[in-house]
2 protein chains.
Amino acid sequence: MTRPRQRLLTLRDVSEASGVSEMTVSRVLRGKGDVSEATRLKVQEAARSLGYVPNKIAGSLASQRVNLVAVVIPSLGNMVFPEVLSGISATLDGTGLQPVVGVTDYSPEKEEKVLFEMLSWRPSGVIIAGLEHTEASVAMMKRAGIPVVEVLDVDGEPVDAMVGISQRRAGQQMGEAIAAAGYRRIGFVGTGMEHDLRARKRLEGFESALAAHGIEIAVRVRYEGSSALQKGREETANLLDQVPGLDFIYYANDMVGAGGLLELLARGRNIPADIGLAGFNNIELLDGLPLRLATMDACRREAGQKAAEIIAARHNDPKMEGGQRITLTPILQKGQTLRSAP
Amino acid sequence: MTRPRQRLLTLRDVSEASGVSEMTVSRVLRGKGDVSEATRLKVQEAARSLGYVPNKIAGSLASQRVNLVAVVIPSLGNMVFPEVLSGISATLDGTGLQPVVGVTDYSPEKEEKVLFEMLSWRPSGVIIAGLEHTEASVAMMKRAGIPVVEVLDVDGEPVDAMVGISQRRAGQQMGEAIAAAGYRRIGFVGTGMEHDLRARKRLEGFESALAAHGIEIAVRVRYEGSSALQKGREETANLLDQVPGLDFIYYANDMVGAGGLLELLARGRNIPADIGLAGFNNIELLDGLPLRLATMDACRREAGQKAAEIIAARHNDPKMEGGQRITLTPILQKGQTLRSAP
DNA sequence: TTGAAAGCGCTAACAC
DNA sequence: GTGTTAGCGCTTTCAA
């Protein structure tokens, strides 16, 4: 494959350039241990002028510690995971820990591979989306001997710690609000993501809430691929044509929901009196739409923050107990597309 | 800070469990060298049943090779960089190389830190957004002895290789199209990103093209913060109030442009006859809007792909020459918000 | 086809 | 405050 690249600068080079022992150079560069001001300056100057970049591979091997946190998420393409990530980064900043991201494309097999790959770097912790993983993935995480935090869902048993909302409950709440508002003929637009188990749980909760009111989803479609805004329009048109009497559409996420909103507005439909709609995620995009879409916050940023806090705390105090369970509470935003209960 | 974590499984454990020497176990696990089928099976079985995860830190130190590619980008929050990333991942898949992402928040100082941090892991290559970096960053990249590809801009001198569009030329082209269409009183909505040098270059090109037609930008505003759709609406309203005779608005990106479009439609303006508008990036979102916004593709995915190809090729053949320069050509999409030349 | 020895570049632990 | 020694867990090299 590849041949070793040219030799780079080592501690020894800095040591020779500064006339200070390797060990002391190492101390200066890490800011550990007492070093006299004089030698410190000598060393720093030498390192700077040589352009020395320490070798973390060697350092980590020797110290048996790695300042990386593995973050395993399904996708970077839909705004929700970047937000989790941004919560993680913000919290990790200043702890000396660094997130490293792996993407699974919603595939459990790829997740397993990514996890294996990341664990082979011996990170200080794992933050992973969801509670469902292959047996091998679970085994790996358990054996890794590091804090593991599963995020964005709390409906199930975690490997170790978990932080998130109850997706099932979130779906239920939306279903209840819709039924309470008197909507009766309800359509659903879902993603084609077979493996988005959180979306599935939301839908289950949603259906159970409707069932309690004697309502069944009248029609459902799934879209494949991305371009969610456009798909939202198309599938909405689709639904309306299939079932003219529809008075509500529930969308698997805000992006398709926004597309649906644009379509309904284009058709001059009376929202929310005549027909209502709701999405999920509370993405920022909604602020600029002609009407505020009803939605629910998945608390993604907060989940990332809390997860990172757990990792950081346990990194600093390895004796700390694991198994934290933090349930976040999403707020239902009625926006302007869900009428109030009569 | 932290104490070493519990001892994990090592090659020695697999060696003992299988009764095969460490060296041969290593060969099996890496699939290198000739190993008899019998021992191969013994070893694989032992590794699997123990749940052995190799230690890449030790492996990389010993072999002096690391299968990581450092990817340094300003942000994950706006869809353009994730797309570059996805081009990179797709191309790297199957090469044995893995991208590791660092985010700079458009700050040159943070970029320097991120670069230092990543280079200390001795990656096999660097892909970094833009051509402008601190002196120290440039020095680090030059000294690293690995392929470096700067992406998304070709207006300047690269450290090594570069792949992207000419941002200046892109701005010019849009300016020319607008002037040719006969628009004369032109407004500009930019981001508050002081350090988005690519946006700045686009604007320079844009202004120079207008100047060639004796036109100056009549009014410009910058928005701060995110929520680009909403800001697009607000700033558009703002502009129209300040300069009622405006007949074109150029937006720094499609997201604000989409907000502007919604605002103009809400005001019942006649697009593109009465007033035109254009964005930049050709994001997917545009497909679902009531009118297709005029825009220009930044070739982000393609830039990621080409960059990754360069890294992969040079990884496989270190003797290969560096300094590749690939200029991609963005296509101007007139959409429905830019009238044709009279 | 397999094994033994010698490091990779750094840091922990201990001596001075 | 500074230096010395002995590895960290692998892979390279070379011998068997």
Side-chain angles (χ1 to χ4, degrees), chain A residues 1-44 46-47 50 52-67 96 119-122 124 144-145, chain B residues 1-43 47 50 52-67 96 119-123 144-145:
Chain A
M1 200 152 174
T2 342
R3 277 132 307 298
R5 78 176 61 99
Q6 70 184 71
R7 212 184 122 286
L8 295 185
L9 293 173
T10 69
L11 260 192
R12 162 173 241 99
D13 297 302
V14 181
S15 165
E16 284 170 359
S18 61
V20 176
S21 80
E22 282 188 48
M23 196 54 234
T24 300
V25 169
S26 168
R27 287 194 184 98
V28 171
L29 264 26
R30 281 176 301 145
K32 303 269 181 192
D34 293 320
V35 182
S36 74
E37 195 53 23
T39 45
R40 174 185 310 286
L41 290 175
K42 249 193 305 188
V43 169
Q44 284 174 334
L50 291 174
Y52 172 69
V53 176
N55 184 331
K56 281 219 180 185
I57 305 213
S60 301
L61 181 61
S63 65
Q64 300 289 85
R65 79 189 46 155
V66 181
N67 70 335
L119 288 178
S120 73
W121 286 103
R122 300 291 187 264
S124 291
Chain B
M1 200 155 172
T2 342
R3 274 133 307 299
R5 77 174 63 101
Q6 73 188 65
R7 213 184 121 287
L8 294 185
L9 293 173
T10 68
L11 261 192
R12 160 172 243 103
D13 297 301
V14 181
S15 165
E16 285 169 359
S18 61
V20 175
S21 80
E22 282 188 49
M23 197 50 238
T24 301
V25 170
S26 167
R27 287 195 184 98
V28 172
L29 266 24
R30 281 176 299 146
K32 302 272 180 190
D34 293 321
V35 182
S36 74
E37 195 54 24
T39 45
R40 175 186 310 286
L41 289 174
K42 251 194 305 189
V43 169
L50 291 174
Y52 171 69
V53 175
N55 184 331
K56 283 220 179 186
I57 305 222
S60 302
L61 181 61
S63 66
Q64 301 289 83
R65 75 189 52 159
V66 181
N67 69 335
L119 288 179
S120 74
W121 286 103
R122 301 290 186 262

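Order of the sequence lines fixes the chain letters, A, B, ..., with proteins taken first and strands second; residue numbering starts at 1 for each chain.
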Asks: Run the side-chain hydrogen bond (donor to acceptor under 3.5 Å, both in side chains) test against B:S120 and tell me which residues pass, sequence neighbours left out.
Replies: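 With neighbours one apart ignored, the set is empty.
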Asks: Just do the side chain to side chain contact (heavy atoms under 4.5 Å, CB included) check on A:S26 and A:L11 with the steps written out, would you?
Replies: CA-CA 7 Å; A:S26 168; A:L11 260 192; 3.8 Å; yes
Asks: Test of understanding: with side-chain hydrogen bond (donor to acceptor under 3.5 Å, both in side chains), list the residues that count as partners of B:N55, not counting sequence neighbours.
Replies: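 B:N55: no side-chain hydrogen bond (donor to acceptor under 3.5 Å, both in side chains) contacts found.
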Asks: Please determine whether a side-chain nitrogen or oxygen atom of A:T39 lies at a distance below 4.0 Å from atom OP1 or OP2 of D:dT2.
Replies: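 Indeed, a polar side-chain atom of A:T39 lies that close.
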Asks: Let's see if you can work this out: which of D:dG1, D:dT12, D:dG9 has an atom nearest to the side-chain heavy atoms of B:R65?
Replies: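 The answer is D:dT12.
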Asks: Is any side-chain nitrogen or oxygen of A:T24 closer than 4.0 Å to OP1 or OP2 of D:dT2?
Replies: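 No.
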Asks: Which whole-number value in Å describes the distance from B:K32 NZ to D:dT12 C1'?
Replies: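 Going from NZ in B:K32 over to C1' in D:dT12 covers 13 Å.
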Asks: Of all nucleotides in DNA chain C with an atom under 4.0 Å from a non-hydrogen atom of chain B, which is the first and which the last going 5' to 3'?
Replies: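 The contacted stretch runs from C:dT1 to C:dG9.
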Asks: Give every pair of a protein N or O atom and an N or O atom of nucleotides 13-16 of chain D that lie under 3.5 Å apart, one pair per line with the distance.
Replies:
none

Asks: Listed by chain and number, what are the side-chain hydrogen bond (donor to acceptor under 3.5 Å, both in side chains) partners of A:S18, not counting sequence neighbours?
Replies: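 For A:S18, no residue satisfies side-chain hydrogen bond (donor to acceptor under 3.5 Å, both in side chains) once neighbours in sequence are set aside.
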Asks: Within the structure provided, determine whether B:I57 and A:W121 are in side-chain contact (heavy-atom separation under 4.5 Å).
Replies: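 The answer is yes; the side chains approach within 4.5 Å.
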Asks: Test side chain to side chain contact (heavy atoms under 4.5 Å, CB included) on B:R122 and A:L8 and set out the steps.
Replies: CA-CA 10 Å; B:R122 301 290 186 262; A:L8 295 185; 3.5 Å; yes
Asks: Take the C1' atoms of the five end pairs on each side of the helix from C:dT1-D:dA16 to C:dC16-D:dG1, derive the two axes, and give their angle rounded to 10 degrees.
Replies: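 Angle reported: 30°, given to the nearest ten degrees.
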Asks: Can you check the B:E22 CD to D:dC8 P distance for me, whole Å?
Replies: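 It works out to 11 Å between those atoms.
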Asks: Going by salt bridge (Lys or Arg N to Asp or Glu O under 4.0 Å), name the residues that satisfy it together with A:R40, two or more places apart in sequence or in a different chain.
Replies: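 Salt bridge (Lys or Arg N to Asp or Glu O under 4.0 Å) list for A:R40, sorted by chain: A:E37.
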Asks: Kindly point out which of D:dT11, D:dC8, D:dT2 is positioned nearest to the side chain of A:Q64?
Replies: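 The answer is D:dC8.
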Asks: Apply side chain to side chain contact (heavy atoms under 4.5 Å, CB included) to residues A:L9 and A:V14 and explain how you reach the verdict.
Replies: CA-CA 8 Å; A:L9 293 173; A:V14 181; 5.9 Å; no
Asks: Please give, in whole Å, the distance from D:dG9 P to A:W121 CH2?
Replies: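 Interatomic distance, CH2 of A:W121 to P of D:dG9: 16 Å.
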Asks: Mind listing the residues from residues 52-62 of chain A sitting with a heavy atom below 4.0 Å of DNA chain D? Number order is fine.
Replies: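 Within this stretch, A:L61, A:A62 sit under 4.0 Å of the strand.
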Asks: Go through the steps to decide whether A:R12 and A:E22 satisfy the test side chain to side chain contact (heavy atoms under 4.5 Å, CB included), and finish with yes or no.
Replies: CA-CA 6 Å; A:R12 162 173 241 99; A:E22 282 188 48; 3.1 Å; yes
Asks: Are B:S15 and B:V20 packed together at the side-chain level, in the sense that at least one heavy-atom pair is separated by less than 4.5 angstrom?
Replies: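 Sidechains of B:V20 and B:S15: no contact.
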Asks: From CZ of A:R12 over to P of D:dG3, roughly how many Å is that when rounded to an integer?
Replies: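 To the nearest whole Å, that distance equals 14 Å.
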Asks: Where do B:Y52 and B:T10 come nearest, in terms of heavy atoms and distance?
Replies: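 Looking at all heavy atoms of both residues, the closest pair is CE1-C, 3.5 Å.
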Asks: Hey, which of B:L41, B:V43, B:V28 is the one that makes side chain to side chain contact (heavy atoms under 4.5 Å, CB included) with B:V35?
Replies: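 The side chain to side chain contact (heavy atoms under 4.5 Å, CB included) with B:V35 is passed solely by B:V28 among B:L41, B:V43, B:V28.
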Asks: Could you state the CG-P distance from B:L11 to D:dT11, rounded to the nearest angstrom?
Replies: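 Going from CG in B:L11 over to P in D:dT11 covers 6 Å.
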Asks: For B:K56, which residues count as a salt bridge (Lys or Arg N to Asp or Glu O under 4.0 Å) partner, sequence neighbours excluded?
Replies: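 B:K56 satisfies salt bridge (Lys or Arg N to Asp or Glu O under 4.0 Å) with A:E117 once adjacent residues are dropped.
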Asks: What pairs with A:R30 under salt bridge (Lys or Arg N to Asp or Glu O under 4.0 Å), at least two apart in sequence or on another chain?
Replies: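 For A:R30 there are no salt bridge (Lys or Arg N to Asp or Glu O under 4.0 Å) partners, ignoring immediate neighbours.
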